[in-house]
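The block underneath contains the structure these notes are about, expressed in structure tokens.
These numbers were taken from a predicted model, which means no experiment stands behind them. Throughout, a chain's letter reflects where its sequence line sits, starting with A, and its residues are numbered from 1.
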2 protein chains.
Amino acid sequence: MAEIEELKEKLTNLIETRNVKELRETILDFEPADIAAFMEENLSEKEQLYFFRRLPKEVASDVFIEIDSDTQEQLIKAFTDTELKEVIDDMFIDDTVDIIDEMPANVVKRILKNSTPEDRKLINELLEYPDDSAGSIMTTEYISLKSSSTVGEAFEKIRKTGINKETVYTCYVTDNKKHLIGVATVKHMLLSDKDDTIESIMNDNVITVETTEDKEDVAMKLSKYDFLALPVVDKEGCIVGIVTVDDAVDVLQEEATEDMQKMAAILPTEKEYLKQSIGDLWLKRLPWLLILMISATFTGLIINNYETTLNSLSVLLFACIPMLMDTGGNAGGQASVTVIRSLALGDLEFKDIFKVLWKEIRVSVLLALTLSIVCFGKLYLIDKLLFGYNYTTRLCFVVSLSMFVTVVISKIVGCLLPLLAKRVKLDPAVVASPFITTIVDALSLLVYCNIAVALLG
Amino acid sequence: MAEIEELKEKLTNLIETRNVKELRETILDFEPADIAAFMEENLSEKEQLYFFRRLPKEVASDVFIEIDSDTQEQLIKAFTDTELKEVIDDMFIDDTVDIIDEMPANVVKRILKNSTPEDRKLINELLEYPDDSAGSIMTTEYISLKSSSTVGEAFEKIRKTGINKETVYTCYVTDNKKHLIGVATVKHMLLSDKDDTIESIMNDNVITVETTEDKEDVAMKLSKYDFLALPVVDKEGCIVGIVTVDDAVDVLQEEATEDMQKMAAILPTEKEYLKQSIGDLWLKRLPWLLILMISATFTGLIINNYETTLNSLSVLLFACIPMLMDTGGNAGGQASVTVIRSLALGDLEFKDIFKVLWKEIRVSVLLALTLSIVCFGKLYLIDKLLFGYNYTTRLCFVVSLSMFVTVVISKIVGCLLPLLAKRVKLDPAVVASPFITTIVDALSLLVYCNIAVALLG
């Protein structure tokens, strides 16, 4: 935040005094992300346009891609065609596509109209890839080399074309049909002799991804191998683009956020919280709340059914229901979240289901034992002896036994559901804690009522 | 997974036939991460040692750092001093430190004994940084340049020293007291003339982090600016190391996992699920289950207190308790998880508390209204008219009104607690859904019982 504060202080004054020359010089000292944050947080709509028009050419589009999409839309609408063209020409294709994804149709039309014909063709190709695919996050601006070139020639090519490439550090070696046959890094080139051929220094065992591969898998692969970029190939093995590490980081962060949202019974959204309207939030939160509310009424039916019986056995039985239900929900949630995250990180697969089940059974028995002993002690020593409630030994035993069974069942349900969801190609995160809580609530009540009737009735 | 399958097929055969020459050649075709995964999954302890000893020198330590720590420990114990020395010498300092962090004292001693004196000094320095600090994840192997050097001289230096540096693409320009005065990227150098001075092409507005800064903030900064590395400086502005993007990605993934674990009432751990022992899992899961179980008994006390009263009003009142408690818990969980993740991503700060509160109040009223209308309809139309339960209009109203109040309270508690936790420097994720569920359970029951008594009594 320190950077933005410094920027704010310096710029606010310069904007007020309309000191354009110094404004430009000052701006060049800051990173595009900070300039964008300054614009969004401190300037009115009108000032934003004034400010953006005075940005030095070399940073304007870098700043533009960092601005949030509402502001982007306003700016584009205020731009002349020439201004829009300049901004777009300086952007990488994948960034243009990201922006287009968020814009209304008329703005998209204007963007496409003001792109060069080649860019327009590329943009349209990228727009056709499914939303979650490697194709949707790749860029087509990479450096390709011929295997017969020398290192010196490669450097010459980088010097000539590098300025417009998303990365120059990993270059892709192709044959004359664009088949990807190797990868050469600038590090390797720098450590080699000028006259070495690219063929002699390139790595010909290239890790690639296909255009249709899930973008999360692509990001995980990039992170696993610690690469700076991954080449994306089509079915014929021809390179069509690259995914760079900065985009992979964004994908991983977004996916983690989405999984957390799903675990919390929220429909996923990429929008920042403070930028979501009340209507957005309502729409994203209502469906699961409704579904879970309705399904919780079944738990109510169970209580209803057993009420008279429980009442006749002991009024104290009701007091233990929240403890049993909450502990079951928590125990199940622990197992489900662990499994969901492990699936997302690639540490688990469906085929591990028996390993997981066996592990959870052993842990749950240990946990259930500990919890039911503590539960028994708490009821007997504190509630009965200290507070004088009428808990008989048998009653304490009923509650503790129910606790034991509930915890074991919850863990089993909690670990199995996400794995089964994965198996049938559902998102494991969707069956997370709130959903499992509802199932576990009903199960634990059934267990409790039946044990109570069996042992006390 | 395709890479590992291919590797497995090729290598298993070569290991059996002890065809060392072809084994080495085949290995060089694969990435270290895949070789490590193959070793762990397919070889016995003895075979692992045999296999590792036959790895080509140039990949041995790259493979070593990818192996899990238990296997690393076994290998180190089986290594001769010379073998250990070779592996360590080829590793980057930050990787050595990561390994040391996981090893028992006697293994650490052997590692330090077999490091060069300079490395030992650096390792000891790095080990002293706090666990979550930038210092703990940085490496000291970066390229430093003098501002008076020419681009050609810089390339010469990279050629000579680059092989042992974690990244060569971002070079750090220092004065003779090691003060960081600029950053020069290889991309810039490649696009410049050989005789340009580094001073003329370097960026002298360097974004830095301090050694003591939280590693999560460092990783977020790297991702925000899309850098490949960030320089770490001490209090005097002297560069002491760099954090590279691959390590930042790991930090972000770990932090997301930790937050999910905390949200699910698990004590955080970095260990993979399948590698955790039953004892580990028990230890990580028990504390919160116990705490939450005990606190849920207070909810039980509330039921206890009101039981006779509720019973005399209507036995149907009990049936609605799970629905109210679950919906309250889910509504609160939605708000808390949203706020916790936004805090982690830097989208929210404590100073936004009133914005958040105002937003949540409006959303919660909307949600509460929808839910209580549906709840009323469900009780009146389905439970009463269809199933013939004895729900009076007044009773339905009591439940719906309680639903309304519960949802609003839950959202407010859910959004405020993480923000307040942040304020007092607690981890917001710790007060996540399970904890909030317990509070909300008690509050919703109090609301419900009081509304019932007031309107029906």
Side-chain angles (χ1 to χ4, degrees), chain A residues 29 31 33 158-159 162-163 168-169 186-187 190-191 205 223-226 245-246 249 256-257 260 264-266 272-273 278 281-282 285-286 289 292-293 296-297 299-300 303-304 307 315 318-320 322-323 326-327 330-331 333-334 337-338 341-342 347 362-363 366-367 370-371 374 434 441, chain B residues 29 31 33 158-159 162-163 168-169 186-187 190-191 205 223-226 245-246 249 256-257 260 264-266 272-273 278 281-282 285-286 289-290 292-293 296-297 299-300 303-304 307 315 318-320 322-323 326-327 330-331 333-334 337-338 341-342 347 362-363 366-367 370-371 434 441:
Chain A
D29 286 352
E31 291 296 323
I158 294 174
R159 191 186 302 272
I163 190 96
V168 303
Y169 299 136
V186 164
K187 181 170 180 177
L190 283 174
L191 301 177
N205 288 280
S223 133
K224 175 180 155 197
Y225 294 120
D226 294 344
V245 65
D246 52 319
V249 175
T257 306
M260 288 184 202
I266 305 171
E272 262 181 47
Y273 171 68
I278 303 299
L281 286 169
W282 179 78
R285 292 181 182 186
L286 185 66
L289 282 185
L292 296 170
M293 180 180 85
T297 56
T299 322
I303 297 195
N304 245 357
E307 217 220 326
V315 285
F318 284 106
C320 299
M323 181 178 72
D326 280 358
T327 309
N330 292 333
Q334 287 182 334
V337 167
T338 304
R341 184 60 177 164
S342 302
D347 297 340
R362 286 176 295 162
V363 179
L366 262 186
L367 282 170
T370 328
L371 290 168
V374 174
D441 278 358
Chain B
D29 286 353
E31 291 295 323
I158 293 175
R159 192 185 303 271
I163 190 94
V168 303
Y169 300 136
V186 164
K187 182 170 180 177
L190 283 174
L191 301 177
N205 289 279
S223 134
K224 175 179 153 196
Y225 294 122
D226 294 344
V245 65
D246 52 318
V249 174
T257 306
M260 288 185 203
I266 306 171
E272 262 181 46
Y273 171 67
I278 303 299
L281 287 169
W282 179 78
R285 293 180 182 186
L286 186 64
L289 281 185
L290 266 183
L292 296 171
M293 180 181 84
T297 57
T299 322
I303 297 196
N304 244 359
E307 218 220 325
V315 286
F318 285 107
C320 299
M323 181 178 72
D326 280 358
T327 309
N330 292 333
Q334 288 182 333
V337 168
T338 305
R341 184 61 178 164
S342 302
D347 297 341
R362 285 176 297 162
V363 179
L366 262 186
L367 282 170
T370 327
L371 290 167
D441 277 359

Most contacts with chain A, counted as non-hydrogen pairs under 4.5 angstrom, among [options]:
options: B:Ile158, B:Thr370, B:Leu292; value: B:Thr370
options: B:Asp226, B:Asn330, B:Leu289, B:Thr338; value: B:Leu289
options: B:Glu272, B:Arg285, B:Arg159; value: B:Arg285
options: B:Thr327, B:Leu286, B:Val337; value: B:Leu286
options: B:Ala331, B:Ala319, B:Ala296; value: B:Ala319
options: B:Asp29, B:Leu290, B:Asp246; value: B:Asp29

Where does [X] contact chain A at under 4.5 Å (heavy atoms): side chain, backbone, both or neither?
X: B:Ser342; answer: side chain
X: B:Thr257; answer: both
X: B:Val168; answer: side chain

Name the region of A:Val249, side chain, backbone, both or neither, that has any atom closer than 4.5 Å to a heavy atom of chain B.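 Side chain of A:Val249 only, per the 4.5 Å heavy-atom cut-off to chain B.
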
Please state whether the side chain, the backbone, both or neither of A:Asp441 comes within less than 4.5 Å of a heavy atom of chain B.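 It is the side chain, since no backbone atom gets that close.
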
What heavy-atom pair brings B:Tyr169 and A:Val186 nearest, and what distance separates the two atoms?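 Result for this residue pair: OH-N, 3.5 Å.
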
Taking every non-hydrogen atom, the tightest pair across B:Ala264 and A:Gly333: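 Here B:Ala264 and A:Gly333 meet closest at CB-O, 4.0 Å.
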
Interface residue of largest heavy-atom contact number with chain B, from [options], under 4.5 Å:
options: A:Gln334, A:Glu31, A:Met323, A:Met260; result: A:Gln334
options: A:Thr299, A:Val245, A:Asp326; result: A:Asp326
options: A:Thr297, A:Ile278, A:Ile303, A:Asn304; result: A:Ile278

Does B:Tyr273 reach the side chain of A:Asp347, with side-chain heavy atoms less than 4.5 Å apart?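 A side-chain contact under 4.5 Å is absent here.
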
